[in-house]
Amino acid sequence: MNKLKEFIETLTPISDKEFEDSKDNFSKIHLKKEDFFVEQGKICRQIAFINNGTLRTFYINNKAEEITACFCTKNSLTTSYKSFILQEPSLVSIQALEDTELLVIDHEKLQQLYNTSRAWQNIGRQIAEREYFVMEQYAATLNNESAKEKYLRLLNEQPEVLHKASVEDIATYLGVTRRTLSRIRQEIAK
């Protein structure tokens, strides 16, 4: 819970009492490698703070191919946001790339915190704003960076992913073939 409190405090201040009063709303779950946190087509009922581990968010395109949208690493949040907020079937799946420990809160419990705590209302707003920023930055990256630049960004921002994700997952994240990814890796290694 200390890591979660530290994360929240990067967003907005929360008193020790407010945090203590909300702790019982969270529970710890463990995912084994390849277990799903969210499955495409099912309603996402929880949001998770990643205590340890790495997850991959992906969707199935119209050619029945898995396309990686992002990698989620420790000390960050993950969920299928649209599904979680609207309580409708998810358009994405979120799967553990390794054994992973999550602190989760159910949709109903989070709504109760929003209704009873100004601090949690502010936390929710800060998280929404941060996620919007991340999505906008991701869209700009997709349209404006070459595959090599995207790979270098991944190497710089989430280097642990390169050791935990498969070559296929990284290639689909970058929007390239395995062959192109191999070429990029060779160029960077020189």
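What you see below is based on every heavy atom in this structure, not just the backbone, and it leaves out hydrogens, waters and symmetry mates.
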Handout entry: Criterion side-chain hydrogen bond (donor to acceptor under 3.5 Å, both in side chains) on Asp169 and Ser166, from CA distance to verdict
Key = CA-CA 5 Å; Asp169 295 343; Ser166 71; 3.2 Å; yes
Exercise for the section: State, yes or no, whether a side-chain contact exists between Arg56 and Glu66 at a heavy-atom distance under 4.5 Å. Expected result: yes
Exercise for the section: Decide, yes or no, whether a salt bridge links Glu101 with Lys3 under the criterion of side-chain N to carboxylate O below 4.0 Å. Expected result: no
Handout entry: Under 3.5 Å: donor-acceptor pair, side chain of Gln40, backbone of Ile60
Key = yes
Exercise for the section: Identify whether the distance between the nearest side-chain nitrogen and carboxylate oxygen of Glu20 and Lys17 falls below 4.0 Å. Expected result: no
Practice task
Evaluate side-chain hydrogen bond (donor to acceptor under 3.5 Å, both in side chains) for Arg185 paired with Tyr151, printing each intermediate quantity in order.
Solution key: CA-CA 9 Å; Arg185 285 180 161 172; Tyr151 183 82; 3.2 Å; yes
Problem - same_hphob_cluster(Leu77, Ile94) at 4.5 Å side-chain heavy-atom cutoff - result: no
Exercise for the section: Check the hydrophobic clustering (I, L, V, M, F, W, Y; side-chain heavy atoms under 4.5 Å; chains of links allowed) and say if Ile29 and Phe36 are grouped together. Expected result: no
Completion exercise
Scanning both residues in full, the closest heavy-atom pair of Ser15 with Glu18 reads OG-N, 3.0 Å
Problem - Heavy-atom side-chain contact between Asp99 and Leu31 under 4.5 Å - result: no
Handout entry: Minimal non-hydrogen separation, Lys42 against Ser83, with atom names
Key = O-OG, 3.9 Å
Practice task
Identify whether the distance between the nearest side-chain nitrogen and carboxylate oxygen of Arg153 and Glu149 falls below 4.0 Å.
Solution key: no
Exercise for the section: Check whether Phe58 and Leu55 end up in the same hydrophobic cluster, where Ile, Leu, Val, Met, Phe, Trp and Tyr are linked by side-chain heavy atoms less than 4.5 Å apart. Expected result: no
Handout entry: Test item: Asn122 side-chain N/O and Arg118 main-chain N/O as donor-acceptor pair under 3.5 Å
Key = no
Exercise for the section: For the residue pair Asn75 and Phe49, establish whether any side-chain heavy-atom pair is separated by less than 4.5 Å. Expected result: yes
Exercise for the section: Treating Ile, Leu, Val, Met, Phe, Trp and Tyr as nodes and any side-chain heavy-atom pair under 4.5 angstrom as an edge, say whether Leu155 and Ile184 lie in one connected cluster. Expected result: yes
Practice task
Examine distances only and state if a side-chain atom of Asn61 and a backbone atom of Lys63 form a donor-acceptor pair shorter than 3.5 Å.
Solution key: yes
Handout entry: Gln121 side chain to Tyr114 backbone, donor-acceptor under 3.5 Å
Key = yes
Practice task
Give a yes or no answer on whether the side chain of Thr172 reaches the backbone of Thr68 with a donor-acceptor pair at less than 3.5 Å.
Solution key: yes
Practice task
May I have the step-by-step check of salt bridge (charged side-chain N to carboxylate O under 4.0 Å, His left out) for Arg125 and Glu129, ending in yes or no?
Solution key: CA-CA 6 Å; Arg125 182 178 58 79; Glu129 289 174 0; 3.0 Å; yes
Exercise for the section: Could you point out which residue of Gln158, Glu157, Lys164 forms a side-chain contact (heavy atoms from CB on, under 4.5 Å) with Val161? Expected result: Gln158
Exercise for the section: Write down the atom of Ala171, the atom of Arg178, and the distance for their closest heavy-atom approach. Expected result: CB-N, 4.1 Å
Handout entry: Sidechain-backbone polar pair: Thr79 side chain, Gln46 backbone, donor-acceptor under 3.5 Å
Key = yes
Exercise for the section: Find out whether Asp21 and Thr116 are in side-chain contact, i.e. whether some heavy atom of one side chain is under 4.5 Å from a heavy atom of the other. Expected result: no
Handout entry: same_hphob_cluster(Trp120, Met1) at 4.5 Å side-chain heavy-atom cutoff
Key = yes
Practice task
Over all heavy atoms of both residues, which pair between Arg130 and Thr10 is shortest? Give the atoms and the distance, please.
Solution key: NH2-OG1, 3.8 Å
Practice task
Using a strict cut-off of less than 4.0 Å between a Lys/Arg side-chain nitrogen and an Asp/Glu carboxylate oxygen, indicate whether Lys5 and Asp16 qualify as a salt bridge.
Solution key: yes
